[in-house]
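Have a look at the structure below, then the notes.
Below, chains carry the letters A, B, ... as their sequence lines are ordered, and counting in each starts from 1.
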There are 2 protein chains.
Amino acid sequence: MITIYDIARVTGYSPTTVSKVFNNYSDVSAKTRGKILDTAKEMGYMPNSHARTLMTKKSWTIGILFNESSGVGIRHPFFGGVLDSVKKTAEAEGYDLMFISDNIGGKTASYLEHCRFRSVDGVIVMLADRGDEGLQNLLKSDIPCVLLDFDDERPGCVSSDSIDGCYLALKHLHDLGHRRIAHISGGGDTFVGQQRRLGYEQGLRRLGLAADERLIVPGGPFFSVEGGRQAMLELLDLPQPPTAVLAAGDNLALGAIRALEERNLEAPRDMSIVGFDDIEAASLVRPALTTIRQDVGHMGARAARMLIGAIESEDMPPAAVLPVELIVRESCRRL
Amino acid sequence: MITIYDIARVTGYSPTTVSKVFNNYSDVSAKTRGKILDTAKEMGYMPNSHARTLMTKKSWTIGILFNESSGVGIRHPFFGGVLDSVKKTAEAEGYDLMFISDNIGGKTASYLEHCRFRSVDGVIVMLADRGDEGLQNLLKSDIPCVLLDFDDERPGCVSSDSIDGCYLALKHLHDLGHRRIAHISGGGDTFVGQQRRLGYEQGLRRLGLAADERLIVPGGPFFSVEGGRQAMLELLDLPQPPTAVLAAGDNLALGAIRALEERNLEAPRDMSIVGFDDIEAASLVRPALTTIRQDVGHMGARAARMLIGAIESEDMPPAAVLPVELIVRESCRRL
DNA sequence: ACGTTAGCCGAAACCCATTTCGAAAAAAAG
DNA sequence: CTTTTTTTCGAAATGGGTTTCGGCTAACGT
């Protein structure tokens, strides 16, 4: 490996001067600069990030944290999209991404310890288990953290506008003549689960529709197809079933459609369904799912920019709630 | 930040001794060990990975490389699954994951330079563009690299058994009475695209079926739904269309089904379809897709273990070709 | 001709750990 | 009670950079 000492030796200057060249110090003459730069390129010099970090306390590394306890993890298509845009945005600003886990060298460690060990400049929490003590300790630390779908007021949180999304969905159904609209809710302990349920309730009120407790059925903690199936079955067994369903996630909606098929019913003929997320499968399925699209690309980019802002200004920007969009496809019909 | 010097000061021992404790040197008495360990825990000591790496030349970091030029990237569900298992396996062995990009500090750099800059111990190339010169230079370097779906003979390559997968699919169709089976092929410059086409051709021969050049239609470079749709349309326009299609990817298969719908045809009634990959949507779609499942979890774990083996033994294990599995669902019928 | 000033450059300290090797102390051998 | 061996410890060098601060030279002003 070529070091600044090698370049110093070859050019006849001191390591100090070589270092200064790469750090754009002004007290180096143009001639010296040129000679050092030339030989550096010639010798294939590449700085050593570890040595640099050791000195500057800045690693140019952003930690990516998945609180895996929920068991969902990176697999969910939502995260692939977010991660992709986080990566692109961060890289453009000179930061690299590293996964933060709960162990170091194969031995259990806290997230905070891991962050300190690797001296990451900040962390993006993509999937947060609100009850996790390790996560809470990290948030209490001085390490800047941006969280996805964790809160809509706490500084450093980025979320999609679930409230508005639910309203858009309900409005759409209402416009189609539906008045009895059920909700298959997501995991009650997740922020989006809570938020979408809240959005459903507020949306009903705003549209002047009566609320009916029995029309809210939990679809299990994991936003899974199977959970949606079960919930739809319950709804169909109601004395007075709904004519439409707003599911808290596309997988739940897909499960609901599955349940309909089992009962020899069909969407949208017998039941209108709206999902949430717009995962890839939503447009592939028949009937194609009408759903609320989260802009994952925007979300990742925003999270990355927020974090970098916090890292470089020592001040965490306020929470961002991103707009969502109604994607009308085939799973709803006019009554 | 607490350093070994702080602990040395407090305990009265030298930094050397403190370091030795954490590195399990035998020349430290049990008493000393205990005292140092205690105060370390008390003070919340956490080693600094950068200082350590600087000295030992080992970063305990594995680079993850997506050759994004193809435009697919992390978004594809396949990678989410692989990445997940790579992460779990690597972490269990004490390695962390960092993404390798083609820039450093916001300025363009080669993959190799990035790897040296961060001194990663090895790299897993998840999506390789065979023509990329930067990638080739990385492979020529002394940094251990494991590649997914890149080759099936080169040491350090992990791939699913496309040949066998195609045979399984063809055999299934053959068993159902199909004799005229088409192939919608994937990007010709990708390894899996080539391999699956080869598997199709060999499979036909093995089953004693006649090959017909016109039955092989390229589905475009990106394994996309739209590409599959176009290809199916072409097949339908053939004077003598096939009765079944083996698509080189599930998305292609899904696109093919879409094309059938447009012509008021239906799978499996009018055309049997087999996909490849078993992405999430495959089981969600109607008709649910009969497909060849790649074990992404196994693939990631294998890749990680192979790389770590190479890192720690200086010797790259031979290529691994992983078995695949036929998943029979609803998209094929008996003729 | 002399004091100022600005422009360039480098010595040395520092960041935090690892590792070698020698020395001191303690234990074992004689 | 020496001598030898074993334990236990630490000084110092090392890794590759950054940053402060002081020194030297050349140009400038008068």
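- If you measure from atom CH2 of A:Trp60 to atom P of D:dT18, you get 13 Å, rounded to the nearest angstrom.
- Side-chain N/O atoms of B:Ser29 include none lying less than 4.0 angstrom from OP1 or OP2 on D:dT7.
- Rounded to whole angstrom, the span from the CZ atom of A:Phe117 across to the P atom of C:dA17 amounts to 10 Å.
- Looking at B:Ser119 and A:His50, their side chains do bring a donor and an acceptor atom within 3.5 Å of each other.
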Write out a two-atom table: protein N or O, nucleotide N or O from nucleotides 23-27 of chain D, distance below 3.5 Å.
none

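- Rounded to whole Å, atom P of C:dC16 lies 15 Å from atom CZ of B:Phe22.
- The base of C:dA11 is not paired with the side chain of A:Ser14 by any donor and acceptor separated by under 3.5 Å.
- Legend: salt bridge (charged side-chain N to carboxylate O under 4.0 Å, His left out) pairs involving residues 8-21 of chain A, not counting sequence neighbours, sorted by first then second residue: A:Asp6-A:Arg9, A:Lys20-A:Asp27.
- In this structure, A:Tyr13 does not reach the C:dG10 phosphate: none of its side-chain N or O atoms is under 4.0 Å from OP1 or OP2.
- Five base pairs at each end of the helix from C:dA1-D:dT30 to C:dG30-D:dC1 define two local axes, and these are offset by 50° (rounded to 10°).
- Each of A:Gly12 and B:Asn48 was assigned the nucleotide of DNA chain C with the nearest heavy atom; the assignment lying further toward the 5' end belongs to A:Gly12.
- In terms of modelled atom types and a separation under 3.5 Å, the side chain of A:Asp121 and the main chain of A:Trp60 share a donor-acceptor contact.
- Taking side-chain N and O atoms only, B:Lys57 has a distance below 4.0 Å to OP1 or OP2 of D:dG16.
- Take the nearest nucleotide of DNA chain D for B:Met55 and for B:Arg33: the residue whose nucleotide is more 5' is B:Arg33.
- Which of D:dG17, C:dT18, C:dC9 sits closest to the side chain of A:Ala51 comes down to D:dG17.
- Between A:Thr16 and C:dA12 there is no side-chain N or O to OP1 or OP2 distance below 4.0 Å.
- The line from CZ of A:Arg116 to OG of B:Ser49 is 13.0 Å long, rounded to the nearest 0.5 Å.
- For D:dT18, one of the phosphate oxygens OP1 or OP2 lies less than 4.0 angstrom from a side-chain nitrogen or oxygen of A:Arg52.
- Mapping A:Leu54 and A:Ser26 onto DNA chain C via the closest heavy atom, the residue that lands nearer the 5' end is A:Ser26.
- Test A:Ile64, A:Val158, A:Leu147 against A:Ile124 for side chain to side chain contact (heavy atoms under 4.5 Å, CB included) and you get one pass: A:Ile64.
- The SG atom of A:Cys157 sits 7.0 Å away from the CE atom of A:Met306 when rounded to the nearest 0.5 Å.
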Under the side chain to side chain contact (heavy atoms under 4.5 Å, CB included) rule, what do A:Val146 and A:Arg302 come out as? Steps first, then yes or no, please.
CA-CA 10 Å; A:Val146 162; A:Arg302 184 62 172 272; over 6 Å; no
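- Atoms OG and CG, on A:Ser160 and A:Asp152 in that order, are 11.5 Å from each other to the nearest 0.5 Å.
- One interatomic measurement links the two molecules: CD1 of B:Ile2 to P of C:dA17, which rounds to 10 Å at whole-angstrom precision.
- The separation between B:Tyr5 atom OH and D:dG10 atom P is 13 Å, rounded to whole Å.
- A donor-acceptor contact under 3.5 angstrom links the side-chain atoms of B:Lys20 to the base of D:dG10.
- Within the 4.0 Å cut-off from OP1 or OP2 of D:dT19, at least one side-chain nitrogen or oxygen of A:Tyr25 is found.
- Side-chain atoms of B:Thr3 and base atoms of C:dA17 include no donor and acceptor less than 3.5 Å apart.
- For C:dA17, the base has no donor-acceptor partner in the side chain of B:Thr53 [N/O atoms by modelled type, under 3.5 angstrom].
- Ranking D:dC9, C:dA17, D:dT18 by closeness to the B:Pro47 side chain, first place goes to C:dA17.
- Residue B:Thr56 places none of its side-chain N or O atoms closer than 4.0 Å to OP1 or OP2 of C:dA17.
- A donor-acceptor pair is defined here as one N or O able to donate and one able to accept, closer than 3.5 Å; no such pair exists between the side chain of B:Thr108 and the backbone of B:Asn103.
- Listed pair A:Ser19 / D:dT19 fails the phosphate criterion, with no side-chain N or O lying under 4.0 Å from OP1 or OP2.
- Relative orientation of the A:Phe79 and A:Phe66 rings is perpendicular, given thresholds of 30° and 60° on the angle between their planes.
- Regarding contacts with the backbone of D:dG17, a side-chain N or O of A:Tyr45 is found under 4.0 angstrom from either OP1 or OP2.
- We find that CD1 of A:Ile36 is positioned 13 Å from P of C:dC8, with the value rounded to whole Å.
- Going from atom OG1 of B:Thr89 over to atom CD1 of B:Ile308 covers 7.5 Å, rounded to the nearest 0.5 Å.
- Rounded to an integer number of Å, the gap from B:Arg9 CZ to C:dC16 P is 12 Å.
- For the pair A:Asn24 CG and D:dG17 C1', the computed distance is 16 Å after rounding to whole Å.
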